[in-house]
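This report refers to the structure that appears directly beneath it.
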Amino acid sequence: MAKRAQTDPNAAAMAGGAGSMLTLDGIHKSFGQLHVLRGIDLEVRRGQVICVIGPSGSGKSTLLRCINLLEPPDDGRILLEGKSIAGPDADEDVDFVRRRVGMVFQQFNLFPHRSALENVTIAQEKVLGRKRADARAKAEALLARVGLADKVNEFPDRLSGGQQQRVAIARALAMDPHVMLFDEVTSALDPELVTEVLDVMRELADEGMTMIVVTHEMGFARGVADHVAFIDEGVIVEEGEPHEVLGDPREERTKRFLGLVLGR
Amino acid sequence: MEFILDYYFDIGLMGDEFDSILAGFWVTVKLAVLSGIASLLWGLVLAVLRQLPGRAALPLRVITIAYIDVFRGIPLLLVLLLLSGSLSAFAFEGVIPTWLGQPTWLGEPTVFWYGILSLTITYGAYMAEVYRAGIEAVPRGQMEAARSVGMTHGQAMRYVIVPQAVRKVIPPLLNDFIALMKDTSLVVVIGAVEVVQAGRDVQSAFFNGSGLVLAAILFLLLTIPLARVVDRLIAREQARTERGGRPAPVAGGPAPAAGQSAG
């Protein structure tokens, strides 16, 4: 694995070339006394879909939040498209990161005072400086793509959870991200609304989007992911192809977790 | 008995003095509206300064908090006396220019502007705290979502946080405005003639309180409708939230605080 290469800065730089989208090297993060991430190494190639699974409190969400610098890591380095964005040699700033990394949240976090359309246009206009008409056209296309062409003028409180989450995906996609982070995006949804969101994500994966998906949806992980990482207590306990990690886990902790989740 | 009634409600006297009382009330309204608008804006500036992130902004945050603490903690009357005394003294000594120390902008007397300034200084601090409550009531996930689509802190405040915060705090801001309107009467101590002083002049001249009662009636004509507006806004906001204004965390699992879980 690329893991060994990352300890050597030159090799890491090489890993940051060609097909590498994101390289995490020894990421640590603490909140006060709580040591949440205890040295995470992860390599994400362009177009790859990585599912991150693990018990609650294991650090999965924090990991995503470190990647787009919502929570700057305390230690370790992150390369995004070969550029260092966190660590002693960081040469790119938050703007560089946020323009390349889109994020979708568990609680949707749509802007409640803005219509679905405006949720998708506002950052295009204010951050990217796109013209109103262009932003609008793009937003309408994206909302149609997530199946909400008839909801463009609705406000979030008029939309179901599944619809809100699809608007949130469109909002992130409007910024033309190179990587999408999904933080338990179906966990706050009624069961019958989960599918419509997962379907959108599946299409996105099919189109070649690089995705890091923190999820409890094992079916999605098995069906869509190229790579699954099991995190517990702030470290990656086990990772590999879905059929290995989910079908035939080596580690005792992975087995126990899957036993609890899948009820077997 | 008739004397008592006449003392408060001498309709003839009210009619005779109506013009002078109304002229005073016009000053009151101008004071209230101008300082109301000014403190709404100044309060928002203070509230936003108070929320600036990062170590670099620490001194600014400390100064802002100190300002708010001081001017919420001392009487408006004291501010009026101190400000009017010091500004006129500074202007007299030439420490500051006359246009600033003894302003007569828009043809209004100097004491009028001392009043506006004192009311704004004090009520700006009150309103900053109201805005702050509104800003802090916006879920943390809103800032995170705004930052995650590339907005700077300033853009997130401007387009996402403040618009939501202001909507939440319009009723308490209006309450503060009602209080401000009544407090405009304190400017009489620095010699401004507004409605209360006009009523007092009638009282001294005729040994009759009807002028003051008329002043009270004029106040109530504005404050009571304003209070009803506040009630209606609160009721509307409640109806909105009960309908499900927030994206409530739905069935299955406990509601995590927006975006705070370390899971």
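Lettering of chains follows the sequences in order, A, B, ..., and the numbering in each one begins at 1. For clarity, every value in this text was computed on a predicted model and none was experimentally measured. The figures here come from the full heavy-atom set of this structure, side chains too, leaving out hydrogens, waters and symmetry mates.
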List in chain and number order the residues that pass side-chain contact (heavy atoms from CB on, under 4.5 Å) with A/Ser160, two or more places apart in sequence or in another chain; answer none if no residue qualifies.
A/Gln163, A/Leu193, A/Glu196
Can you see which heavy atom on A/Phe111 is nearest to which on B/Ala145, and at what distance?
CE2-CB, 4.1 Å
Using a 6.0 Å cut-off, check whether atom CZ of A/Arg253 has over 12 heavy atoms from anything other than its own residue.
yes
Interatomic distance, A/Asn109 atom CG to B/Met143 atom CE [nearest 0.5 angstrom]:
12.5 Å
With chain B as the partner, which of A/Ile122, A/Asp95, A/Asn68 has the greatest number of non-hydrogen pairs under 4.5 Å?
A/Ile122
Minimal heavy-atom distance between B/Pro163 and A/His113, with the atoms involved, is CB-CD2, 3.7 Å
Under a 4.5 Å heavy-atom cut-off, does chain B meet the side chain of A/Val101, its backbone, both or neither?
backbone
Go through the atoms of B/Arg167 and report whether side chain, backbone, both or neither lie under 4.5 Å from a heavy atom of chain A.
side chain
Working to the nearest 0.5 angstrom, can you tell me the gap between B/Ser148 OG and A/Arg171 CZ?
6.0 Å
Report the C-alpha distance between B/Glu144 and A/Met103 in whole Å, list the side-chain angles of each, state the deciding distance to 0.1 Å, and finish with yes or no for side-chain contact (heavy atoms from CB on, under 4.5 Å).
CA-CA 10 Å; B/Glu144 295 182 341; A/Met103 183 156 184; over 6 Å; no
Audit row: B/Val149, A/Gln124, side-chain contact (heavy atoms from CB on, under 4.5 Å) steps and yes/no:
CA-CA 9 Å; B/Val149 289; A/Gln124 294 188 65; over 6 Å; no
Shortest non-hydrogen contact from A/Lys126 toward B/Gln155
O-NE2, 3.0 Å
Among A/Arg99, A/Lys29, A/Arg114, the residue with the most heavy-atom pairs under 4.5 Å to chain B is A/Arg114
Are the side chain of B/Gln142 and the backbone N or O of A/Leu110 linked by a donor-acceptor pair below 3.5 Å?
yes
